[in-house]
Undergrad: 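Pasting in a structure now, in structure tokens, and then I'll have a few things to ask.
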Amino acid sequence: MLIDTDLTDVPVLVVGPSGALPPVVRRYSRAGAVVTTAASSDAVTPQACAGVRLGVLVGPAVTWSAAREVLAATCVVVSETLGAESPSGGRVVLVGAGPGGLELLTLAGVRALAEADVVLTDRLAEVGDVAALAPGAEVIDVGKRPGHHAVPQAEIERIMVERAQAGLVVVRLKGGDPYVFGRGGEEVLAAVEAGLPVTVVPGVTSAVGVPGAAGIPVTHRGVSHVFTVVSGHVPLEPHQAASLATLGGTVVFLMGMHNLVPITTALVRAGLAPDTPAAVVERGFTPDQRSIVGTVDTLADLASRERAASPAVIVVGDVVRQSDVWARRAGAERRAGVSPAMGAVG
Ligand code: SAH
């Protein structure tokens with residue numbers, strides 16, 4: 001529960017079993033309160049309550065009637081019950097950060113971060129200043145950075161579960177949507193297996209948002225009524241390429257830049273027309289966003305000439321014609337009266 005009231009300099013006494021106190025203390029401290037604690041009913045003495053304006057009884061302490069009586073003699077008393085599913089009050093929230101920038105984080109994501117005691121973040125979850133969004137929270141970067149190894153998945157899950165079992169609200173902030181190639185399912189399973197409450201806040205996925213940022217709608221009336229999102233992490237098997245080539249519509253590849261040659265070659269071999277429009281959209285929603293537009297036949301060469309690199313999405317299909325870069329290319333070709341160019345960058 002987020003505290004919306006400004007409690008700057010208000011003396012607050014938080015009462016309850018020591019394991020249940022840290023997240024509550026953190027929340028009141030974040031609201032500006034001057035927090036002291038009492039971990040047993042006996043510790044709630046008139047001296048401990050002197051000057052206190054608000055007493056908070058946490059979890060089992062809501063039944064500590066002696067403590068309540070002493071507190072009520074000097075200040076306002078409120079009760080905070082703990083979630084029924086988690087005796088410690090700890091829980092896990094997976095938050096999709098969107099494909100880049102604070103503005104693409106949802107309001108539910110902003111709220112989850114504001115309530116967090118711990119944030120596990122990584123390289124693709126670029127929402128800016130996480131510490132400002134989650135004041136007072138411990139921020140742990142588990143992502144890959146140049147020269148540093150990413151924290152292994154099992155270790156991420158271990159940290160997440162351990163902190164939540166200690167009674168903390170753990171936010172796992174993930175790029176895009178947590179369930180799109182983000183190992184979100186595994187992390188939810190880890191929390192469930194540990195008996196922890198877990199919720200998932202969806203995010204804008206790069207599979208749809210990044211083509212959109214380049215003016216490419218993944219579906220378009222009369223052009224494409226199906227879109228398929230494929231991991232390009234490993235090259236396509238011939239039967240997969242054949243399915244994609246016959247299904248038609250739009251195909252979006254994530255994590256595919258190092259396999260751009262095998263991916264496009266496999267699609268053409270499987271029967272996709274070589275002049276099918278195709279694009280690479282790099283670093284979507286950053287000031288360096290760039291589109292490289294060509295055909296499934298020319299895209300790999302163009303991208304290599306332009307030194308296109310990850311993070312980027314690859315889009316294959318007639319919808320690519322809707323992009324500004326394609327329109328400029330077509331306009332230039334018309335004006336010059338030349339045969340179609342290899343492609344365009346913008
Ligand atoms: N869960 C994420 C995807 C994780 S896989 C989501 O829903 O978006 C990582 C891949 O996402 C990258 O290799 C790249 O293909 C794509 N990606 C993520 N952010 C991107 C961005 N800002 N610009 C271009 N591609 C991006």
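Numbering of residues begins at 1 and proceeds along the displayed sequence.
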Undergrad: Taking the side chain from S243 and the backbone from H239, do they hold a donor-acceptor pair closer than 3.5 Å?
TA: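 Answer holds: yes.
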Undergrad: Is there a side-chain contact between S291 and E282, using heavy atoms and a 4.5 Å cut-off?
TA: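 Answer no - side chains too far apart.
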Undergrad: Check whether any side-chain N or O of Q240 sits under 3.5 Å from a backbone N or O of E237 as a donor-acceptor pair, and report yes or no.
TA: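 Yes, the answer is positive, given that a donor and an acceptor are paired below the 3.5 Å cut-off.
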Undergrad: Do other residues, nucleotides or ligands put more than 12 heavy atoms under 6.0 Å from R53 CZ?
TA: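 Open: at most 12 neighbouring heavy atoms sit under 6.0 Å from CZ of R53.
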Undergrad: Are the side chains of H258 and H233 in contact, using a 4.5 Å heavy-atom criterion?
TA: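 Answer yes - side chains close enough.
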Undergrad: Please answer whether the main-chain N or O of S310 pairs with a side-chain N or O of R283 as donor and acceptor at a distance below 3.5 Å.
TA: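 No, R283 side chain to S310 backbone: no donor-acceptor pair under 3.5 Å.
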Undergrad: Are T250 and S224 close enough that a side-chain donor and a side-chain acceptor fall under 3.5 Å?
TA: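 T250 vs S224: donor-acceptor pair found between side chains.
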Undergrad: Is there side-chain contact between L54 and L13, with at least one heavy-atom pair below 4.5 Å?
TA: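 Side-chain contact under 4.5 Å: no.
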Undergrad: Establish whether V56 and L21 are linked, either directly or via other cluster members, by ILVMFWY side-chain heavy-atom contacts under 4.5 Å.
TA: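 V56 and L21: one cluster.
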Undergrad: Check the pair S79, R68 against side chain to side chain donor-acceptor pair (under 3.5 Å), reporting the backbone distance first and the verdict last.
TA: CA-CA 10 Å; S79 301; R68 184 183 288 273; 3.0 Å; yes
Undergrad: Check whether R163 reaches the backbone of V170 with its side chain - one donor and one acceptor, N or O, closer than 3.5 Å.
TA: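 Not a single qualifying donor-acceptor pair exists.
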Undergrad: Is any side-chain heavy atom of V320 less than 4.5 Å from a side-chain heavy atom of V293?
TA: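 In contact.
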Undergrad: More than 12 foreign heavy atoms under 6.0 Å from NE2 of H225: is that the case here?
TA: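 Not more than 12 within 6.0 Å, no.
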Undergrad: Mind checking whether L133 and L102 have side chains closer than 4.5 Å, heavy atoms only?
TA: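 Of all side-chain heavy-atom pairs linking L102 with L133, at least one is under 4.5 Å.
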Undergrad: Without hydrogens or angle criteria, can the side chains of T8 and D6 be said to hold a donor-acceptor pair below 3.5 Å?
TA: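 Distance-only check passes for T8 and D6.
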Undergrad: Going from CH2 on W326 to CD1 on I216, what distance comes out if it is rounded to the nearest 0.5 angstrom?
TA: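 Interatomic distance, W326 CH2 to I216 CD1, rounded to 0.5 Å: 10.0 Å.
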Undergrad: Could you go step by step and tell me if R91 and E115 meet the salt bridge (Lys or Arg N to Asp or Glu O under 4.0 Å) rule?
TA: CA-CA 11 Å; R91 59 192 168 92; E115 292 178 355; 3.1 Å; yes
Undergrad: Look at atom CD of E69 and say whether more than 12 heavy atoms of other residues, nucleotides or ligands are closer to it than 6.0 Å.
TA: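 12 or below, so no.
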Undergrad: Whether D122 and R183 form a salt bridge (side-chain N of Lys/Arg under 4.0 Å from carboxylate O of Asp/Glu) is what I want to check.
TA: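 Result for this pair is no, no salt bridge flagged.
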Undergrad: Would you mind reporting whether V229 and F181 have side-chain heavy atoms less than 4.5 Å apart?
TA: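 In short, these two side chains touch, coming nearer than 4.5 Å.
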Undergrad: Applying side chain to side chain donor-acceptor pair (under 3.5 Å), can you list everything that pairs with T228, at least two apart in sequence or on another chain?
TA: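 For T228, no residue satisfies side chain to side chain donor-acceptor pair (under 3.5 Å) once neighbours in sequence are set aside.
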Undergrad: Of all heavy-atom pairs between V151 and I156, which one has the smallest distance, and what is that distance?
TA: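 Smallest interatomic distance, heavy atoms only, reads O-CD1, 3.5 Å.
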Undergrad: Is it true that a side-chain atom of T298 and a backbone atom of G294 form a donor plus acceptor pair closer than 3.5 Å?
TA: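 Judged by distance alone, no pair lies under 3.5 Å.
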Undergrad: Please check if atom CZ in F227 has more than 12 non-hydrogen atoms from other residues, nucleotides or ligands closer than 6.0 Å.
TA: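 Open: at most 12 neighbouring heavy atoms sit under 6.0 Å from CZ of F227.
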Undergrad: Would you mind reporting whether K174 and E187 have side-chain heavy atoms less than 4.5 Å apart?
TA: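 Yes. Closest side-chain heavy atoms under 4.5 Å.
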Undergrad: Only one of V201, V200, V119 clears side chain to side chain contact (heavy atoms under 4.5 Å, CB included) with V95; which?
TA: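 One option only clears the test, and that one is V201.
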Undergrad: Are any side-chain N or O atoms of R269 and backbone N or O atoms of A242, one a donor and one an acceptor, separated by less than 3.5 Å?
TA: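 Side chain of R269 to backbone of A242, a donor-acceptor pair under 3.5 Å: no, none is there.
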Undergrad: Looking only at atom types and distance, does a side-chain atom of T5 sit under 3.5 Å from a main-chain N or O of L7, one as donor and one as acceptor?
TA: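 Flag not set: sc T5 to bb L7 has no pair under 3.5 Å.
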Undergrad: Contact between P17 and P60 at the side-chain level, heavy atoms closer than 4.5 Å - yes or no?
TA: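 Yes. Closest side-chain heavy atoms under 4.5 Å.
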Undergrad: Using modelled atom types and a 3.5 Å cut-off, is there a donor and acceptor pairing between side-chain atoms of D177 and backbone atoms of P202?
TA: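 Answer holds: no.
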Undergrad: Among residues at least two apart in sequence or on other chains, which ones pass side chain to side chain donor-acceptor pair (under 3.5 Å) with Y28?
TA: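 By the side chain to side chain donor-acceptor pair (under 3.5 Å) rule, Y28 matches E80.
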Undergrad: Determine whether a donor-acceptor pair (N or O, by modelled atom type, separation under 3.5 Å) exists between the side chain of N259 and the backbone of G232.
TA: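 Present.
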Undergrad: Any sub-3.5 Å donor-acceptor pair from Q289's side-chain atoms to A213's backbone N or O?
TA: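 Present.
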